[in-house]
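Here the structure is laid out as structure tokens; the discussion comes afterwards.
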Amino acid sequence: MDNIVALAKRRGFIFQSSEIYGGFNGFFDYGPLGSELKKNIRDCWWNDMVRRRDDVVGLETSIIMHPKVWEASGHVAGFTDPLVDCKVSKQRYRADQLFFSAVVVEGQTVGYVSVLESERTAEELQEKAESFKRKKAVQGKLAPVIAKDMTEAQPDEIEKIPSPATGEPGSLTPPRAFNMMFETNVGAMRDASSVAYLRPETAQGMFVDFKNVVDTGRVKLPFGIAQIGKSFRNEITPRNFIFRSREFEQMEMEYFIAEDADWSKCHQDWIAWCKDWLLSIGLPESHLSLYAHPKEKLAFYSKGTVDIMFKYPFGVQELWGIAARGNYDLTQHATASGKPMEYFDEASKKKFVPHVIEPAVGVDRILLAVLCAGYAEEDVTDEKGNVEKRTVLRLSPRIAPVKVAVLPLLKNKELLVARARELHTKLKRKYAVFYDDGGAIGRRYRRQDEIGTPWCVTIDFDTIEKDGTFTLRERDSMQQKRITEAELFALLDEQVY
Ligand code: ATP
């Protein structure tokens, strides 16, 4: 992970927000290459989800909406995470990420240990329990730890659980609900009546505008409304780089279906679609898995939620949630606004509030996934037999920030440069390309490998003296072959879509 973060900074993918002021926890900036990569992810999703489907339309709603939207949706009352304070260190923890266990020796509880969630939560608790037993010089056999998170702590246990910050018990508070919506005030008055929220998800825009889209969009059930946009959550513990931040971007789609439609099949179809889409932008199947939320943990209106999980370097984590939400959201807004949200089905002549399947994914989490899956350091042997390290980002041509680098073999040969410039200008009209004439050709290839450019074309003497072909060098195999301009455009047309 450290190498990926370093590369992201070094090559201008991702910077800390407000870095010159020491950064701002939970906020990030995307640099020249990062903003291209992000735009490509968004564009691929929009093209595949909206433009290339006949049953999904796009939408762009405002970030700040009427505060009643968030009352009706349940966010004002319930969009909370459980928070635990350490009264001594003033640190705050998400209760469900703070784990503890009793230290049990010969059937007796002799104390407690705690750790923050990680890939090794249980092992770390066990190590701490052993060390606790040693320090307290307790004799007897230590029982294996049982990891629980702070939401499961009994009232009498809380004061005995050590704070991860101080290592001492007595300073942790019982968990309390912390609302993650960012508040702001709208208008010149700053009082309770002017409070509004930055949206914590884009989805409510689709529900609130449902009628507008039905009345104007020439849509018929089943159909979807999709949106890409920023969302904001005042996460208690933003962490793992851009995985969990306070300002992020979502790509969400609400797929409306008839009340008697086979929701389970539709749900499965969307899970398959989302997984295929992730493969299409280059994520390896070996890193993807599915997690079905257990029934007892679902909201009362939810029929089922399946997350597509990704194997990040810091663990297997949620990438994309696909939820079957019944008709809860539309019904809530119909009740709160007094405006009916029913749909009239011409075929059956029935009126009903449609049900919905919601695939919701974060652009930043996808971007981090493609960086993690694509990053590699390898030993390569050059023509002279020297072994050197190359860092390569294996990004799919669909999303790579630069599709082709155009390299004149020598920068002081006018004919080479003129031909390279001409090709660069032509390519630029359709693709993100890069012109580089600085340094040895091998070094130029390495620079492109590191930012994930799938191809380099070199204009050499054969190009201008013989048949006009260039050398095409492929990033992953590092193989080279001669290619004509027409073949180059055909390759790009096929691979970049
Ligand atoms: P988590 O359990 O990780 O907090 P969630 O289940 O609350 O996520 P949803 O509300 O389902 O997430 O949001 C849909 C998607 O938005 C997530 O699958 C994720 O890709 C993205 N997302 C949610 N919160 C964040 C965040 N703080 N930073 C970056 N992306 C996020």
Side-chain angles (χ1 to χ4, degrees), residues 14 17 24-30 34 38 41-42 45 49 70 73-75 78-83 93-97 117 149 151 177-182 197-207 226-254 267 270-271 274-275 277-278 281 283 288-294 297-299 301-302 304-312 314-325 328-329 356-372:
I14 303 164
S17 163
F24 202 36
N25 195 11
F27 298 91
F28 293 91
D29 295 343
Y30 287 85
K38 205 165 172 221
I41 293 171
R42 262 191 240 120
W45 189 88
M49 178 62 94
W70 305 108
S73 68
H75 283 80
F79 192 61
T80 58
D81 266 346
L83 169 79
Y93 304 101
R94 242 175 78 173
D96 55 346
Q97 293 172 351
E117 183 183 30
D149 73 51
T151 62
F178 171 77
N179 195 303
M180 288 193 288
M181 281 199 293
F182 279 104
Y197 306 95
L198 303 194
R199 68 178 174 203
E201 60 172 40
T202 61
Q204 294 306 319
M206 278 79 101
F207 297 123
Q227 162 156 240
I228 301 179
K230 288 269 181 141
S231 292
F232 303 82
R233 296 182 188 181
N234 197 359
E235 296 278 357
I236 298 167
T237 46
R239 59 181 188 161
N240 293 327
F241 199 32
I242 54 171
F243 177 82
R244 184 178 302 288
S245 52
R246 289 176 166 142
E247 174 175 340
F248 56 97
E249 201 162 355
Q250 288 186 309
M251 306 195 286
E252 298 194 286
M253 195 276 298
E254 304 302 327
H267 192 210
W270 276 110
I271 296 166
C274 296
K275 196 174 156 205
W277 189 81
L278 292 171
I281 59 158
L283 288 185
L288 300 174
S289 54
L290 298 181
Y291 170 74
H293 288 231
K297 291 219 168 159
L298 294 175
Y301 51 81
S302 176
T305 295
V306 170
D307 292 339
I308 301 180
M309 312 293 282
F310 181 77
K311 196 162 107 202
Y312 291 95
F314 43 85
V316 174
Q317 299 280 344
E318 172 181 339
L319 175 58
W320 202 328
I322 301 115
R325 301 180 58 86
Y328 175 77
D329 305 271
V356 75
I357 305 290
E358 175 192 87
V361 68
V363 185
D364 315 75
R365 282 194 191 176
I366 294 177
L367 194 143
L368 184 57
V370 297
L371 288 183
C372 294

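Values below: every heavy atom of this structure, side chains too, minus hydrogens, waters and symmetry copies. Note that the structure is a prediction, hence the values are computed from the model and not measured. The first residue of the sequence shown is numbered 1, and numbering continues consecutively from there. Each ligand, and each atom within it, is numbered from 1 in the order the structure gives.
- Listed for the E252 side chain is a donor-acceptor partner under 3.5 Å among the backbone atoms of T202.
- Between Y312 and F314, the ring planes are parallel. Angles under 30° get that label, and only those over 60° would be called perpendicular.
- Looking at F248, W320, F310, F232 and measuring to atom 31 (C) of ligand 1, the nearest heavy atom belongs to F248.
- In terms of heavy atoms, E254 sits closest to A203 at OE2-CB, 3.2 Å.
- Contacts between Q250 and ligand 1 below 4.0 angstrom, taking non-hydrogen atoms only, involve the side chain exclusively.
- Smallest separation of non-hydrogen atoms from P359 and C274: CB-SG, 3.8 Å.
- When hydrogens are left out, the protein atom nearest atom 4 (O) of ligand 1 is R244 NH1, 2.7 Å; that is the closest non-hydrogen contact.
- Of the candidates M251, E201, R233, the one placing a heavy atom closest to atom 5 (P) of ligand 1 is R233.
- Between E201 and R233, the shortest heavy-atom contact is CB-NH2, 4.2 Å.
- A cation-pi arrangement is present between R365 and F243 under the rule of less than 6.0 angstrom and at most 45 degrees off the ring axis.
- Ranking the protein heavy atoms by distance from atom 28 (N) of ligand 1 puts S245 N, 3.1 Å first.
- Contact detail for I41 and M251: the closest heavy-atom pair is CG2-CE, 4.1 Å.
- The minimum heavy-atom distance between M253 and A226, with the atom names listed, is CG-CB, 3.8 Å.
- The aromatic rings of F232 and F182 sit perpendicular, their planes meeting at an angle over 60°, well past the 30° parallel limit.
- The closest protein non-hydrogen atom to atom 29 (C) of ligand 1 is F243 O, 3.1 Å.
- Of the protein's non-hydrogen atoms, the one nearest atom 15 (C) of ligand 1 is A360 O, 3.7 Å.
- In terms of N/O distances under 3.5 Å, ligand 1 is approached by L319.
- Counting protein heavy atoms only, atom 11 (O) of ligand 1 is closest to E318 OE2, 3.7 Å.
- Heavy atoms of R365 found under 4.0 angstrom from ligand 1 belong exclusively to the side chain.
- Residue contacts with ligand 1: R94 is placed with no nitrogen or oxygen under 3.5 Å of a nitrogen or oxygen of the ligand (distance criterion only).
- For V361, the heavy-atom gap to ligand 1 drops under 4.0 angstrom.
- Polar contact check, G362 against ligand 1: a nitrogen or oxygen pair lies under 3.5 Å apart.
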